[in-house]
Structure formats: C-alpha cells, structure tokens
Amino acid sequence: MTYFDKIRNALFLGGFRLRLKTKPEKVYTYADFKLWQRELIFVYLHQHMDHDHSQYAVLWEDPADPDAPAKITHPAPIWLAMAKCGGILPPVEVYHELAKDEAEPGFKRHNRGHLLHDTPPVGPMTEEQAIEYIVKKDLPPSVWRDYKGNRAILKIVRRTMIPSDRTNRNAWRIDQEAS
Amino acid sequence: MADYTLGFTGAAIDAALAYANNGAMKVFANIDQTAAGHPVGQSYNVTSTTDDAAGRTILTFTNVFSAADYCPINGLNGDISQGTTQRGGSGGPTGALFSKLTTAYSSEVINQQNGARTDCNEVNLGIVGGLA
C-alpha cells in the first residue's frame with residue numbers, strides 16, 4: 001500500500017465514521033420560534049406561492065358609536081395562509097389577555113408578551129374558522145360577545161356582496177332586511 | 001490609543017444585534033382603500049384591515065407591540081396622493097387616540113383642501129418599534 005493509498009483510506013474511513021457519528025439534523029416546527037419569527041419563516045418557505053384574498057369579509061357596526069358607518073374587516077392574505085397552515089398562530093384567548101392588560105389604568109408596557117410566543121399554537125383552520133378567529137381577535141367584544149340589542153350589527157358576507165361604488169361610503173349601514 | 005475590544009462573546013453579539021432587531025421594520029402594509037375592506041397586498045405582521053370609513057383604515061397586528069410608543073411611517077403612492085396628507089387616525093370609540101394601540105393602528109388620508117377623509121388606492125405604512 002502506497003503512502004497515498006493510506007491517506008485515501010484514512011480519509012475515507014474518517015469520512016465514513018464522520019457520517020455515522022453525525023446526528024440527524026434537528027427538524028424545527030414553528031412553535032420553536034417567536035411569533036414574529038414564524039411569519040418570516042413562513043413567508044420564506046412559501047415565497048413562490050400566491051396567497052389569495054379571503055372570499056369573506058366581516059361587516060359590523062360599533063354599538064359604542066351608533067352614528068358611525070358600517071365597518072368592513074378583511075384578513076391579510078399572508079395571515080390567512082398562516083391560519084390555514086396551522087401551528088403558527090396562538091389561541092385567540094392570548095390576545096384577549098393582552099387586551100385586558102392594555103385596558104388596565106396606567107398601562108405602559110406589556111409584561112406578558114411571552115404568551116404570544118410560548119402558548120402552544122392552534123392547528124390548521126378552515127377559511128371560515130379563520131374568519132371567526134378574526135372576529136374574536138380584531139373586533140371589540142361589545143360587538144361579538146356582549147351586544148344584546150335587536151339590530152343586527154355583525155355579519156360575515158362574501159366580499160362580492162359589498163358595493164364597489166364608494167361614493168356614499170360614510171353612509172353605509174348593515175341591511176337589516178337581508179338574511 | 002483607545003482601548004478597543006477586539007474579542008467578544010456570543011452574549012455581546014446577541015446584545016448588540018438586539019439594537020438592529022429593535023430598529024427593523026415590524027409592520028408593513030400596502031393598502032388599497034378604494035376596495036371594500038381596504039385589502040392589503042404585501043404585508044408583514046398584519047392580521048386584518050378594517051375599512052372604517054372613507055379614507056380611514058385600521059390595521060391589527062399579529063404580534064402586538066410591547067407599548068404604544070412605536071413609530072409609524074406613512075406614505076401615499078396613489079392616484080389622488082397630491083393634495084392629500086396621511087396621518088394617524090383619531091376619534092376612536094373611547095374618544096382616546098385610537099390610532100395607536102399595541103394591538104392596532106389607524107391610518108387616515110385627508111384631503112388638504114376640504115379636510116375630508118378620502119380614499120387612496122395605494123396607502124403605504126411601515127412601523128418601527130419593539131414587539132411584545
């Protein structure tokens with residue numbers, strides 16, 4: 001065996017041993033990262049995908065401001081894609097806890113932000129479940145939970161049902177006749 | 001000669017880079033106010049947009065801010081951007097400055113001639129600040 005053969009064998013065996021000793025690469029899940037990092041990772045992993053707008057919109061009126069026009073809430077396409085993916089977003093109750101903290105007199109800064117990152121994320125949602133999540137997260141509880149009046153102030157509609165002519169936008173109200 | 005530090009540990013790197021972390025954009029959104037719901041095109045850290053009225057959009061955040069002292073950067077790039085100004089919205093249900101909550105931000109486009117809110121087909125918004 002020549003000197004070069006010895007070296008080659010040593011390298012080969014060394015490499016072989018190295019392969020045997022190498023631990024399998026750790027596979028991460030979104031839950032291993034902070035919430036804001038999860039969106040960055042999600043966008044990176046799905047950068048070649050088009051994320052569609054939801055076919056739904058939430059039409060609502062604020063009982064605290066009865067003269068205000070109806071409002072229309074619509075999810076961001078990336079957020080909707082993350083909701084459908086699952087394992088990324090925290091349970092909606094986390095946002096309620098943080099909103100409670102912010103409503104405290106003298107609030108300056110969140111001390112329980114870790115709830116967003118450490119609470120086990122919710123699983124994949126359908127588009128309809130995602131819209132319900134948004135209703136609970138982004139609308140005041142006085143609209144979706146506490147309202148006791150007869151007037152319909154909350155409706156989930158298809159976006160195609162909303163007028164495209166916005167000339168009188170500030171006079172829009174929810175149609176009480178439509179089912 | 002000053003006593004510069006040439007060697008440092010991972011802890012120092014983490015601490016130093018935390019500054020860049022705080023300086024990075026934490027929200028961005030490209031909003032079309034002329035469509036129902038004021039839908040966003042490109043966005044980061046935005047859960048939803050609310051078409052609050054003509055020219056007024058409320059954005060809600062996926063990862064809330066640690067405090068409401070973040071720095072919004074508003075910009076218009078639409079057909080009607082001349083003669084208009086963009087500002088943080090005001091006059092929320094509580095009468096407080098609704099435009100800045102840790103969970104949401106309201107942006108308004110105002111026609112400078114008559115003071116009325118006006119829809120703009122491309123409202124751009126970025127926010128810098130510390131996340132919770």
Hydrophobic cluster identity match, B:Leu59 and A:Val43, side-chain contacts under 4.5 Å:
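No, it is not one cluster - the side chains of B:Leu59 and A:Val43 are not joined through contacts under 4.5 Å.
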Given the rule that I, L, V, M, F, W and Y join up when any side-chain heavy atoms are under 4.5 Å apart, are A:Ile162 and A:Val58 in one cluster?
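No, because A:Ile162 and A:Val58 fall into different hydrophobic clusters, even though each may have its own neighbours under 4.5 Å.
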Is the centre of the A:Trp79 ring less than 6.0 Å from the centre of the A:Tyr133 ring?
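When the ring centroids of A:Trp79 and A:Tyr133 are compared, they turn out to be within the sub-6.0 Å range.
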Tell me which of these, B:Ala54, B:Ala132, B:Ser48, has more heavy-atom pairs under 4.5 Å with chain A than the rest.
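That would be B:Ser48.
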For chain A, find which of B:Ala53, B:Gly41, B:Ala29 contributes the most heavy-atom pairs closer than 4.5 angstrom.
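Heavy-atom pairs under 4.5 Å are most numerous for B:Ala53.
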Parallel, tilted or perpendicular: rings of A:His53 and A:His74 (30°, 60°)
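Correct class here is parallel.
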Do you know which two heavy atoms are closest between A:Asp101 and A:His110, and how far apart they sit?
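Of all heavy-atom pairs spanning A:Asp101 and A:His110, the closest is CB-ND1, 4.2 Å.
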Taking the side chain from [X] and the backbone from [Y], do they hold a donor-acceptor pair closer than 3.5 Å?
X        : Y        : result
B:Asp52  : B:Ile58  : no
A:Glu102 : B:Thr102 : yes
B:Asn45  : B:Thr62  : yes
A:Gln176 : A:Ile174 : yes

Side chain, backbone, both or neither: which part of [X] has an atom under 4.5 Å from a heavy atom of chain B?
X        : value
A:Ala70  : backbone
A:Arg109 : both
A:Leu40  : both
A:Lys34  : neither
A:Ile134 : side chain
A:Phe107 : side chain

Residues 116-124 of chain A: residues contacting chain B (heavy atom under 4.5 Å, by number)
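Within residues 116-124 of chain A, near chain B: A:Leu116, A:His117.
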Interface residue of largest heavy-atom contact number with chain B, from A:Ser142, A:Ala76, A:Gly113, A:Pro75, under 4.5 Å:
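Sorted descending by pairs with chain B, the first entry is A:Ala76.
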Under 6.0 Å from the CG atom of B:Asn114, do we count more than 12 heavy atoms belonging to anything else shown?
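Result for CG/B:Asn114: enclosed.
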